[in-house]
Protein chains: 2
Amino acid sequence: MRRSAPTLTDVARLAGVSEITVSRVVRNKGSIAETTRVRVQEAIVKLGYVPNRAAGALASAGAPLIGVLLPSLSNIVFPEVLRGIHTALASTGYQPLIGVTDYDPVKEQELLSSLLAWQPAAIITTGFEHTDATRRMLADSRVRVAELMDIDAEPIDIAVGLSQRRAGFDAGRHLIGRGYRRFGYVGHDWNADHRARLRYEGVRAALAEADLGLTAEERFDGPSSTMAGRKTLAALLSWEPDLDVVVFSNDDMAVGGFFHCLGANISVGRELGLFGFNGLDIGQVLPLPLSTIRSHRFDIGRIAVEKLLESSRRPEEKLIVDTGYEIIAGATA
Amino acid sequence: MRRSAPTLTDVARLAGVSEITVSRVVRNKGSIAETTRVRVQEAIVKLGYVPNRAAGALASAGAPLIGVLLPSLSNIVFPEVLRGIHTALASTGYQPLIGVTDYDPVKEQELLSSLLAWQPAAIITTGFEHTDATRRMLADSRVRVAELMDIDAEPIDIAVGLSQRRAGFDAGRHLIGRGYRRFGYVGHDWNADHRARLRYEGVRAALAEADLGLTAEERFDGPSSTMAGRKTLAALLSWEPDLDVVVFSNDDMAVGGFFHCLGANISVGRELGLFGFNGLDIGQVLPLPLSTIRSHRFDIGRIAVEKLLESSRRPEEKLIVDTGYEIIAGATA
DNA sequence: AGAATAAATGGTAGCGCTGTCATAAAGCGT
DNA sequence: ACGCTTTATGACAGCGCTACCATTTATTCT
């Protein structure tokens, strides 16, 4: 039971070299003779030395951390983005420092401020909706910044995602092409989820282009969930039973709609089409695979990290990476 | 565009006090006259001062961080635990530093070592399966440690969760009580998911007690998923169609099984019982709510944090918090 | 060979903050 | 009014590391 953890100095003494040499070996930086490296590494193992990152961060004015701000962990989409981030980070020595904003820009701002206090190498956040103070902090600090999921606005530094609006538009077109005319929409609280709103607007635009409109729509006042989708579709159909197809704000909602139809004996696909968004596994395992749009959440996280770490300084040009999407024809619409 | 971020010294100068006074105001520690506090706070706002946590961590030999090691983010259970952790942490000034182990004790060990390099206040990890080196590191460092999900072994410091084995046992008893006799089991790779194995053993113990056994069982070679559940149940039934009830390793798998039955026109609940584990939302939104066991994932995360932060030093007594579970009768078994 | 370059190592000065100890001022009971 | 406690503030060292420069020795080139 030693009195305190060994430091660089201890290792240096044991290996008979200077502290800075040990530091170089640990960080694998600068040129070191092979024999020295081995000797130092042995000393490190012998002492069980673990570098103190706080000291390193202080001395070098920067920590091997990536701040990650996610709106929610309840929506499976964001854990998947996080998984992509993690995967890309795994081999780099950087670690993610997570904050959850609950879709609240003010919370985002507070979390950002406490993330920046660590002097991270980069910040990953979601969407383009930030407070002025958030924008200012991000501008003042020189960290790299990635804004994920949407690409329909000018990013601060990097944007990685897909055009939410265009995805909605293409969904609308696709369904019109399949012969649907009487459209319903089932959504959730879009003050929180701005991207769901963009997709909605895309759908409407496609309908307008074909001289159509939404026959009926209903929005659940709360976050999206399977239960919300189920209940809200039931409500929508109760006052407007005569619909061809219902577009949902996402797959969770659509799967709930599917369950409603099962219970209410509505033949999905023949009587009523259902269309989601995201391409979640759960939708594709239903007895009828859900018609939806696949977004590449995992890749969004992964690519964001890769791009961020390419350079430690913001390039002149803002970068927008379109990860695209595909319509999954499925069997429900 | 100032040359560098303002420091304590800048704030102190502007407010006309010493650095330590500013530090005290920032940390809300020690006694400060109200007028001074206000003056300092004004200076902080004026300069947009953000404390440098690396410096703080170095000076005080400890960071306001909680290291969190999760086996996976793909399994919705762990994002929910993380949500609980986050919720409890929200008001405390601590932040979670996340690592994902992919159910690999060696990866856990590596991640632990890089988490400890930050001198976090506590470490949260999962289960009791650790490498010797992991145990040693945890023992040598004096951080608080919580091991989540299971409570059937001696924890290093704190364990929060439920008896996985007992949950399996009770599930078995419950089903026997409902009159089932010909049991099937559908599982996934339990080298990775040790807890699924414990539940399985619990079920077998209950069956043995009633002089019963598993009529058939099949394990999917990979992580649990809805698709795996669907396929594996199909496989199981193809060579042993004559079962009363199938116990699944968890709800994901069971929901997949439910979908198989829908497609194969098997009347769930009458012809064949299905039983899961976890009590996920998705199971409860099915046309027939899934019979399963509710685990309190969110609470496990939340309580772990609350207990960890009660004291910064490990108490004499190891603490085991049983968050319990409830059988959800449901309609599928 | 001599000059120029590269490789290998070290000395030193902080990075920005907090712990520790010291001190001054204010309240307080008798 | 006197000692005694409480409240409010400051001086200063140092946490463990890395950036920056300097130095020494080996290598290469003309």
Side-chain angles (χ1 to χ4, degrees), chain A residues 2-41 43-44 47-65 93 114 116-119 121 141 312, chain B residues 2-41 43-44 47-65 93 114 116-119 121 141 312:
Chain A
R2 59 184 76 74
R3 23 191 72 271
S4 73
T7 72
L8 261 195
T9 315
D10 299 322
V11 177
R13 187 158 28 212
L14 181 59
V17 296
S18 73
E19 300 180 25
I20 190 67
T21 302
V22 178
S23 172
R24 287 191 182 114
V25 171
V26 169
R27 286 179 297 155
N28 203 21
K29 197 184 172 188
S31 45
I32 299 285
E34 192 50 34
T35 56
T36 320
R37 157 171 284 119
V38 170
R39 202 144 35 89
V40 169
Q41 237 132 24
I44 287 174
L47 293 177
Y49 169 71
V50 175
N52 181 329
R53 305 245 187 184
L58 178 59
S60 63
L65 291 174
S114 69
L116 287 176
W118 287 105
Q119 313 205 148
S141 87
S312 64
Chain B
R2 58 182 78 74
R3 23 190 72 270
S4 73
T7 71
L8 261 196
T9 316
D10 300 320
V11 177
R13 188 159 28 215
L14 181 61
V17 296
S18 72
E19 300 179 26
I20 191 67
T21 302
V22 178
S23 173
R24 287 189 183 116
V25 171
V26 170
R27 287 180 295 156
N28 204 21
K29 195 180 173 191
S31 44
I32 299 286
E34 193 49 34
T35 56
T36 320
R37 157 171 284 120
V38 170
R39 203 144 34 90
V40 170
Q41 236 132 25
I44 287 174
L47 293 177
Y49 169 71
V50 175
N52 181 329
R53 305 245 189 187
L58 179 58
S60 62
L65 291 174
S114 69
L116 286 176
W118 288 105
Q119 313 206 149
S141 86
S312 63

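All figures in this text were calculated on a predicted structure; none of them were measured in a lab. In what follows, chains are A, B, ... by sequence order, proteins preceding strands, each numbered from 1.
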request  = Starting at atom CG of B:L8, determine the distance to atom P of D:dA11, rounded to an integer number of angstrom.
outcome  = 14 Å
message = Looking at B:R53, I'd like to know whether one of its side-chain N or O atoms comes within less than 4.0 Å of OP1 or OP2 on C:dC15.
response = no
request  = Do nucleotides 6-12 of chain C as a string where each nucleotide becomes B, S or -: B if the base has a protein heavy atom under 4.0 Å, S if just the sugar-phosphate does, - if no protein is that close.
outcome  = -SBBB--
task = Of all the heavy-atom pairs spanning A:P64 and B:W118, show the shortest one and how long it is.
result = CD-CZ2, 4.0 Å
note = A:R27 atom CZ is separated from D:dG16 atom P, nearest whole Å, by 17 Å
ask   = Rounded to the nearest 0.5 Å, how far apart are CG of A:N52 and CG of B:L58?
value = 6.0 Å
ask   = Roughly how far, to the nearest 0.5 Å, is the OG atom of B:S114 from the CZ atom of A:R53?
value = 5.0 Å
query = Tell me: CG of B:L58 to P of C:dC15, nearest whole Å?
reply = 13 Å
task = Whole angstrom is fine here: how far is it from CG in A:D10 over to C1' in D:dG16?
result = 11 Å
note = Sorted by chain and residue number, the side chain to side chain contact (heavy atoms under 4.5 Å, CB included) partners of B:S312 (sequence neighbours excluded) come out as none
ask   = With respect to the phosphate group of C:dG19, does any side-chain polar atom (N or O) of B:K29 fall under 4.0 Å of OP1 or OP2?
value = yes
task = Nearest whole angstrom, please: distance from the P of D:dC17 to the CG of B:N52.
result = 16 Å
inquiry  = Main chain of A:E19, side chain of A:S23: is a donor-acceptor contact present, judged purely on distance under 3.5 Å?
reply    = no
Side-chain donor-acceptor pairs of residues 30-41 of chain B under 3.5 Å, sequence neighbours excluded:
residue, atom, partner, partner atom, Å
B:R37, NH2, B:N28, OD1, 3.2
B:R39, NH1, B:A15, O, 2.6

ask   = Hey, which of these two, B:Q119 or B:V22, hits DNA chain D nearer its 5' end, going by closest nucleotide?
value = B:V22
